[in-house]
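Following: one structure in structure tokens, then a few remarks.
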Amino acid sequence: MAKKDLNEDVLSGASISDGGKEKAEKKSNKAKSKKSKKGLSKNTVKGIKSAVACVVIVALLVAYVGTGTVRKGFIHSTLQWTTGITAVSITNDDGEKIRIPVSTFNYYFAMLYNNMRSQQSTYQQYGLDLADAKMDADFDKPLSSQTTTNDNDETVTWLEYMYEETLESIKDTYTYYNEAVKANGGEDPEITEEQQTELDDTISQYKESANGYGYTVSAYFVQAFGKGVTEKVFRREAIRSYIAQNYKNELSESYSSTDYTAEEYDSYKAEHTSELETVSLRIFEAASEDEAKEFYSALKADGSNFTDLCVQYASTDFYKQYYTDASASTKLYATRSSLQNGGYAIVTGTTDDNGASVNEGLDWIFSTDRSAGDSYQLSTSVVYMLAPVELSDVETVNVRHILIAPETDDENTAATDASAEQWAAALEKAQSILDEFKAEGGTEEDFAALASQNSTDTGSSTNGGLYENVVPGQMVDTFNNWCFEDGRNAGDTAIVQTQYGYQIMCFAGQTGMPVWQYTAQQALAANDSSANADKLKDSYDISFNWFGKCYIEKDTDIDH
């Protein structure tokens, strides 16, 4: 089996939390970025003259792969001595030095490589431009024979670029791993049960694949991830990646609860007023501009038929039913950014002849000339103002919920495609759970237990369906509007339909912090967290070992 074929089988293994994955995922979230955040450092772009021993070892590698000797694990045992050589050294301002062996470098290189291949496949599936996403490497050719540009717009080979990305990934992981160990008295902190289960399951899958192909487990890992990446190395580096990520999250969370002075909040509010201001409105996105014009023409001055028109012009059976609830076309306390995140045509900006940003729709909506009852149509959007622009004192809320999604099948896999019967069954189940909750006493603890047992929302079921510090626009409209409806009190319950299923709601209460202040607190905390993270990263440095670099992976999946 060729390396390329085998690696196709292990691409799913990149789901393990690791620095390489994090770097690759950051790329996928910046599909329209022209260049990567991480370019090739000038200090590492230099020629490395390979020793004769290195050439001999590579020749042995090719010979043993070609003859199938790897199936007995011989290639791993023969080259094991090379994997202990230092590939990379990390030092910090305290004089500590961390030695990164070839095997560890190869692990991170393979993870980055496999994740980039996987992300590239996803981008191609959706027709996105690989060049714009900095993911246009041709994996059917040696990386060393292709060029790209780094952060400084310098031309480098894709192999050099991948090396630099790997260095950044290793540095990031080992910076936080080292700090986590120091904070834990010199011992490795424990990873979570979920992380341990994920790791064990992944390795178990690899062992099953290895047996199926007739490989020893170590030989399988070496073939798939590079020289020296045995099961022991894979497990060790995955655990360290988990530890690093957990510690990074702990540091970030420690800042998220930071309190600031009234002066700091007022200063932030003064500088970001336009970002904090809100409006309440009704909005509908038509299938075409002609339909939007018809909708707008038929809209009464008092907006009393807005719901009926939403139902009339809805494009699918689901939305015709969904829009019968006026809340489905209502946005309470919407900010500029929350409206833009909704993807409505009316808030899509353009540029003028001088290149300046123009957003006619947002300018109209957030104009101080607006009054309740004003309406407007632009492109495929129609809006009806409920409350004009203001800096609202509405507070963030805590809420618990249980999502009961309709059970779909192969023909309708999305909730919005579910049949009327499937939706009816979901509603019946939701009502049964709510009745059970009320019969058991109706405490928040009772609700949390039912959420853990029944909710199909994986993001909240493990913590009793709780969402804390919810801000307007964070949740889908019907969910959002129920939470922020005037007169909402702790202990209130209801069943609300969303695009994902029926939500059994249980209101925990307001937090006492205005949304604008919470937004300011989170922004200030994020700035402090980022500044300290940069300071920590700057205290660590990473560089190649000239000799060890001879033995690292060069073109994974490519037959030399």
Side-chain angles (χ1 to χ4, degrees), residues 17 22 26 172-173 175-185 189-195 241-273 275-276 278 333 335 337-338 341 391-401 444-445 447-448 451-452 457-475 479-480 483-484 488 490 506-539:
S17 174
E22 184 179 0
K26 285 180 180 177
D172 183 72
T173 297
T175 293
Y176 286 99
Y177 167 71
N178 193 50
E179 293 295 315
V181 171
K182 289 196 293 184
N184 197 47
E190 295 289 330
I191 62 176
T192 68
E193 291 183 7
E194 292 80 8
Q195 289 169 337
S241 295
Y242 281 133
I243 291 172
Q245 189 60 53
N246 292 344
Y247 187 70
K248 182 187 291 188
N249 290 342
E250 288 175 12
L251 291 178
S252 179
E253 289 172 5
S254 69
Y255 284 102
S256 67
S257 58
T258 301
D259 197 12
Y260 294 90
T261 66
E263 290 77 12
E264 288 174 306
Y265 284 132
D266 288 342
S267 176
Y268 184 91
K269 179 169 64 173
E271 293 176 8
H272 299 84
T273 299
E275 300 168 25
L276 301 172
T278 67
Y333 308 109
T335 62
S337 62
S338 67
N341 289 339
L391 188 61
S392 171
D393 285 330
V394 65
E395 298 174 4
T396 62
V397 302
N398 296 334
V399 62
R400 293 185 186 271
H401 81 118
E444 192 174 335
E445 291 72 19
F447 194 94
S452 298
D457 176 22
T458 57
S460 67
S461 60
T462 57
N463 68 339
L466 179 64
Y467 280 110
E468 297 180 286
N469 287 305
V470 176
V471 300
Q474 179 180 338
M475 304 298 187
F479 189 121
N480 175 85
C483 292
F484 292 99
R488 183 65 59 224
C506 181
F507 193 70
Q510 285 90 4
T511 64
M513 178 178 280
V515 170
W516 75 260
Q517 185 175 330
Y518 176 75
T519 303
Q521 187 273 334
Q522 291 292 289
L524 293 169
N527 288 338
D528 287 346
S529 177
S530 179
N532 280 276
D534 290 342
K535 182 178 179 181
L536 178 60
K537 290 178 182 179
D538 288 344
S539 69

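Every heavy atom of this structure was used, including side-chain atoms; hydrogens, water molecules and symmetry mates were not.
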| message | Under a 3.5 Å cutoff, is there a donor and acceptor pairing between the side chains of Asp259 and Tyr265? | response | yes
| Cut-off 3.5 Å, side chains only: do Glu250 and Asn246 have a donor facing an acceptor? | no
| said: Using the side-chain hydrogen bond (donor to acceptor under 3.5 Å, both in side chains) criterion, which residues pair with Glu444? Sequence neighbours excluded. | reply: Arg400
Just by distance, do the side chain of [X] and the backbone of [Y] share a donor-acceptor pair under 3.5 Å?
| X | Y | answer |
| --- | --- | --- |
| Ser530 | Ala526 | no |
| Ser539 | Leu536 | yes |
| Tyr268 | Trp516 | no |
| Ser254 | Leu251 | yes |
| Asp393 | Pro514 | no |

| task | For Asn184 and Tyr247, run side-chain contact (heavy atoms from CB on, under 4.5 Å): C-alpha distance rounded to whole Å, both residues' side-chain angles, the deciding distance at 0.1 Å, then the answer. | result | CA-CA 10 Å; Asn184 197 47; Tyr247 187 70; over 6 Å; no
For [X] against [Y], the heavy-atom pair lying closest together:
| X | Y | result |
| --- | --- | --- |
| Ala244 | Thr173 | CB-O, 3.2 Å |
| Ala180 | Pro189 | O-CG, 3.8 Å |
| Ala490 | Ala508 | CB-O, 3.5 Å |
| Ser529 | Ser252 | OG-CA, 3.9 Å |
| Tyr260 | Gln521 | CE1-O, 3.9 Å |
| Tyr242 | Ile191 | CB-CG2, 3.6 Å |

May I ask you to test the [X]-[Y] pair for a side-chain heavy-atom distance under 4.5 Å?
| X | Y | answer |
| --- | --- | --- |
| Tyr333 | Val515 | no |
| Tyr176 | Gln245 | no |
| Thr511 | Tyr518 | no |
| Glu275 | Thr335 | no |
| Pro472 | Thr278 | no |
| Leu276 | Thr519 | yes |

| task | If a pair satisfies side chain to side chain donor-acceptor pair (under 3.5 Å) and one of its residues is in residues 458-474, list it, with sequence neighbours excluded. | result | Thr396-Asn469, His401-Ser460, Asp457-Ser460, Asp457-Tyr467
Inter-residue atom distance [X].[atom1] - [Y].[atom2], 0.5 Å rounding:
| X | Y | atom1 | atom2 | value |
| --- | --- | --- | --- | --- |
| Gln517 | Lys269 | CD | NZ | 8.5 Å |
| Gln522 | Thr258 | CD | OG1 | 9.5 Å |
| Leu466 | Cys506 | CG | SG | 10.0 Å |

| Set of residues satisfying salt bridge (charged side-chain N to carboxylate O under 4.0 Å, His left out) with respect to Glu395, sequence neighbours excluded | none
| message | For Glu190, is the CD atom crowded, meaning more than 12 foreign heavy atoms sit under 6.0 Å from it? | response | no
